[in-house]
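Notes follow the structure.
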Amino acid sequence: MQRVKALIVRHSFQTLRFLSHQRCFSAQPNYAPYHDFQDQVLVEGRAKSRAAILNRPFALNSLTTSMASRLKKLYESWEENPDIGFVILKGNGRAFCSGVDAVALYHLLNEGKVEDCKRFLETLYKFVYLQGTYLKPHVAILDGITMGCGGGISLPGMFHLVTDKTVFAHPEAQLGFHPDSGASFYLSRLPGYLGECLALTGENLNGVEIIACGLATHYCLNARLSWVKECLGNMMNDDPTVIESSLAQYGDLVYPDRSSILHRIETIDKCFCHDTIEEIIDSLENEAAGAYDDWCRTVLRKMKEASPLSLNVTLRSIREGRFQSLDQCLAREYRMSLAAISKQVSNDFSEGVRARLVDKDFAPKWDPPRVEEVSKDMVEYYFTPLGELEPELLLPTALREPYI
């Protein structure tokens, strides 16, 4: 298949299947007290570099307001420090970052603290833009679960390293939300209509698939990741070409597994090229019936479990993102996110989090309940510029130009 690149890794890989019982996009296995906000983002200093370490392993490193704020402040100070040559971002535990702490947002909304939610979104999106415009080389190590905004806080930077334990997905539509934090920028630039497929179905990519479709720059086995980290820590040179070659020296030639979603690009392009959700579903149903394809039936089920409104909003977001810059995508996603938490059109975000992460009855009551009942006005509300009383997301576009 021409669209899928050959991969550079040294040993054979093993495809990691994401288990259904693992919860993502803000999954919290428990809520143990964690009052020291600084400990949620640790700092590791070396002679020529600094590393920020996401440190909420009990919550799969889901992102909170304090974590986003601390990351932004650290990165700004490191950029100004002439003694620091490059920056690394990684996570503790079995996740890099499982997304935003959606359960925390859910409780804030129920308590009427909408402004706190807005402040979190603003801080997060500004950090994503900082990543995409960072003046120093940046290495994100996406080892383990990487979902939702986990991609947004890492992929806009210069280098992104994945492993055989990386699991990447955007399951926001299944939670009544939409892929944000710059997702409409990088998903829309994937081969063919793969971005639409991932955004609408929440399908997973493993590490090999991530680098094959161009989302990551480097791959290594998790068993050898300690060597990579030590190599980076000992580096005294911040030249991007030197960093790139240091990451690449662990490579070999390998292709995606036969069962990979990337070998279904033709089917994906055929089904997800349509202009409406109804047409996409019809195309998948025809493909499943004609070819007896289990994969088509699986993604159909996932789409039918998702919020009908979120599916429509997400499809338009990816399509618009294909022709927008990173800052334009973030500004639009900010409007969309405020619309989602305002509950003016629908309560789907709170309902999705309740059903999947809080009560866990997995029976969300979407509003509207069917794709055919989603009106153009409902979707348009998510994309309408904010009014005079609600400021738009302001990004320093005149001072900072995106790396990508």
Side-chain angles (χ1 to χ4, degrees), residues 37-55 61 63-92 96-97 100 119-142 146 149-161 180-183 185-186 216-218 228-229 231-247 325-331 333-334 393-404:
F37 294 138
Q38 287 196 342
D39 283 349
Q40 294 182 9
V41 178
L42 303 177
V43 174
E44 183 178 85
R46 294 295 184 101
K48 198 64 178 177
S49 66
R50 293 293 184 275
I53 307 169
L54 305 181
N55 189 41
N61 294 327
L63 214 62
T64 65
T65 304
S66 59
M67 291 171 72
S69 178
R70 178 162 163 78
L71 283 169
K72 184 172 178 290
K73 291 177 181 177
L74 287 172
Y75 272 62
E76 288 171 342
S77 66
W78 291 342
E79 189 176 59
E80 296 173 359
N81 189 335
D83 295 328
I84 298 174
F86 65 98
V87 175
I88 302 167
L89 180 62
K90 53 189 177 180
N92 270 342
F96 166 68
C97 175
V100 304
R119 189 158 44 251
F120 167 71
L121 293 168
E122 180 183 5
T123 304
L124 173 60
Y125 295 178
K126 286 184 175 181
F127 176 66
V128 172
Y129 188 70
L130 179 62
Q131 275 270 26
T133 59
Y134 211 58
L135 300 180
K136 296 180 178 180
H138 183 268
V139 180
I141 301 176
L142 283 62
T146 304
C149 76
I153 65 171
S154 57
L155 297 180
M158 190 174 292
F159 302 115
H160 343 108
L161 182 144
D180 67 329
S181 305
F185 179 83
Y186 56 78
T217 58
H218 297 83
V228 177
K229 293 178 179 178
C231 175
L232 291 172
N234 292 333
M235 285 186 63
M236 298 300 293
N237 194 325
D238 58 6
D239 187 331
T241 59
V242 176
I243 297 173
E244 197 282 332
S245 60
S246 297
L247 293 172
S325 60
L326 176 61
D327 59 284
Q328 290 172 329
C329 286
L330 288 168
E333 289 171 359
Y334 182 69
L393 179 68
L394 297 179
L395 298 170
T397 54
L399 302 175
R400 308 185 67 93
E401 193 169 320
Y403 168 73
I404 49 179

* To do: Compare all side-chain heavy atoms of Ile88 with those of Arg46 and state whether any distance is below 4.5 angstrom.
  => no
* To do: Check for a donor-acceptor pair, side chain of Asn55 on one end and backbone N or O of Asp39 on the other, with a separation under 3.5 Å.
  => yes
* Asked: Can you name the residues that form a side-chain contact (heavy atoms from CB on, under 4.5 Å) with Thr397, not counting sequence neighbours?
  -> Tyr129, Asp327, Leu395
* Structure fact -> Note: Tyr186 and Gly152 closest approach over all heavy atoms is OH-N, 3.4 Å
* Flag the pair Ile53 / Glu44 as yes when at least one side-chain heavy-atom distance between them is below 4.5 Å, and no otherwise. => yes
* Could you pull out all residues at least two apart from Ala68 that satisfy side-chain contact (heavy atoms from CB on, under 4.5 Å)? => Leu63, Phe120, Thr123
* Structure fact -> For Leu394 and Lys126, the nearest pair of non-hydrogen atoms, with its separation, is O-CE, 3.3 Å
* To do: Could I get the full list of side-chain contact (heavy atoms from CB on, under 4.5 Å) partners for Lys229, not counting sequence neighbours?
  => Lys90, Ile141, Leu225
* Asked: Of all residues at least two apart in sequence or in a different chain, which pass the ring pair (Phe, Tyr, Trp, His ring centres under 6.0 Å) check with Phe127?
  -> Tyr75
* Got a sec, which residues hit salt bridge (charged side-chain N to carboxylate O under 4.0 Å, His left out) with Lys72, two or more places apart in sequence or on another chain? -> Glu76
* To do: List for me each residue that meets side-chain contact (heavy atoms from CB on, under 4.5 Å) alongside Thr64, sequence neighbours excluded, and say none if there are none.
  => Gln40, Arg56, Ser66, Met67, Asp101
* To do: State, to 0.1 Å, how close Val41 and Arg70 come at their nearest heavy-atom pair, and which atoms those are.
  => O-NE, 2.8 Å
* To do: Look only at the side chain of Ser49 and the backbone of Gly233, and say whether a donor-acceptor pair between them is shorter than 3.5 Å.
  => no
